[in-house]
Amino acid sequence: MKPTCSLSLDLDNLWSYLKTHGEAGWDVYPSYLRIVVPRVLKFLAERNLIITFFLVGQDAADPAHAAVLRSITEAGHEVGNHSFHHEPWLHLYSEVEIEDELKRTEEAIETATGIKPTGFRGPGFSHSPTLLNVLARRGYAYDCSTFPTFLGPIARLYYLATAKGLSPEERAKRKKLFGRFTDGFGPLKPFHWATPGGPLLEIPVTTMPLFKIPIHVSYLLYLAGYSRALAKLYWRTALRLCRSTGTGLSLLLHPLDFMGSDDTDRLDFFPAMKRPHAGKLELVGQFFDRLQKDFDCIPMGEHARRIRARLRPPPV
Ligand SMILES: [Zn+2]
């Protein structure tokens, strides 16, 4: 039997990227969901893949998105909660604010798609003990907000260096964007958080075993900007290390992995957004060819069920 790889896509929207980057105009909520969602669904259908889409409450609550979001669940995909306001400083929220953030998003997603989410990923990998406690209390089946890499602070420096419009206060909120150096010491394998609200299964975003450097598709595309051969070698090495160390994969996708400069010119502060989408899509397809050859690709909820069958939560 092939080892497991869960696949998830954080459905970040144009406005949420502009907001985090401190760009004007985010507050009228510009959206590319009607472009990218059909494109991703087509890509997945051609490969017989069912994955998890983490939806942002603000988008789910907008009736203009109802049809496009429903097309996700109609195609059989899982939907998860990616917060309401998509603020990577979610770890600074109070318990009451977190409760409200989760509840509003659950309701908006259920209204838009007919399905109540049972999995959560924080924006920008943001999480806190308070958040984990509230997730456990609300009966979430899993959280997947940890990103065990040493490179988070470098990604943050790169990102914020191009964010000219941010005030010192706004910069302070983004102090933990993409995580701390010490996150690199976090486990790659699933585990249970012990919270006052009960145990909560954590499925970390997989980084390269031993080296703890990112291997998600956006990072592979960034490498491919320097050398396609290097990106492919890097990907093969990562998959081989996951297999040899018995690390079940949980691979993260983003809308920008399927988009390019011909879709929008407002996001060219992202490394791979200066290229047209067709070439990127072809390359992503090649990464998937390799992945699907060696791994059984499933949505996160199914991954959580398989983990729970062998990894019992600790006694309270
Ligand atoms: Zn996000």
Side-chain angles (χ1 to χ4, degrees), residues 6-23 26-27 29-33 35-37 40 51-62 65 68-69 72 77-93 98 101-102 104-106 108-109 112 117 119-128 131 135 140 142-147 149 151-152 155-156 158-160 163 173-179 183 203-207 214 216-219 221-222 250-259 264 266-267 269-273 299-300:
S6 54
L7 296 170
S8 57
L9 183 142
D10 292 356
L11 197 58
D12 303 330
N13 205 345
L14 176 54
W15 66 264
S16 59
Y17 285 134
L18 296 175
K19 179 180 181 179
T20 304
H21 204 248
E23 303 286 325
W26 70 266
D27 48 353
Y29 299 104
S31 172
Y32 52 49
L33 298 192
I35 298 172
V36 76
V37 170
V40 175
I51 75 163
T52 304
F53 286 76
F54 285 95
L55 306 185
V56 176
Q58 174 73 44
D59 286 323
D62 181 349
H65 290 130
V68 78
L69 295 183
I72 294 173
H77 299 288
E78 180 190 3
V79 282
N81 185 334
H82 194 37
S83 82
F84 194 91
H85 294 98
H86 200 280
E87 297 189 331
W89 46 96
L90 183 66
H91 55 277
L92 303 177
Y93 282 28
I98 288 174
E101 182 84 2
L102 294 179
R104 282 179 75 187
T105 310
E106 289 161 16
I109 292 176
F120 180 84
R121 177 173 290 131
F125 310 108
S126 172
H127 61 281
S128 66
L131 169 68
L135 287 170
Y140 273 72
Y142 64 93
D143 173 75
C144 49
S145 308
T146 58
F147 182 43
T149 180
L151 289 195
R156 179 169 60 247
Y158 179 93
Y159 190 82
L160 292 181
K173 279 187 192 168
R174 290 155 179 79
K175 221 165 61 183
K176 280 195 194 168
L177 184 67
F178 309 132
D183 290 350
I203 306 176
V205 172
T206 309
T207 54
H216 54 281
V217 172
S218 304
Y219 193 74
L221 288 167
Y222 164 72
S250 188
L251 184 69
L252 171 62
L253 299 160
H254 290 103
L256 301 190
D257 301 339
F258 300 86
M259 300 182 75
T264 176
R266 297 176 75 182
L267 294 174
F269 50 88
F270 279 96
M273 279 304 283
M300 299 230 41

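Throughout, residue positions are numbered sequentially from 1 according to the sequence presented. When a ligand or atom number is given, it counts from 1 through the structure's own listing order.
- Below 30°, between 30° and 60°, or above 60°: for His82 and His86 the angle between ring planes is above 60°, a perpendicular geometry.
- Among the atoms of Asp10, no N, O or S atom falls under 2.8 Å of the Zn ion (ligand 1).
- Between His216 and Phe147, the distance separating the two ring centers is shorter than 6.0 angstrom.
- Within Asp12, OD1 is the N, O or S atom that lies nearest to the Zn ion (ligand 1).
- The distance from atom CG of Asp143 to atom CG of Leu131, rounded to the nearest 0.5 Å, is 6.5 Å.
- Within the 2.8 Å limit, His86 places at least one N, O or S atom next to the Zn ion (ligand 1).
- The Zn ion (ligand 1) sits nearest to atom NE2 when only the N, O or S atoms of His82 are considered.
- Salt bridge status for Arg121 with Asp10: present, with a side-chain N to carboxylate O gap under 4.0 Å.
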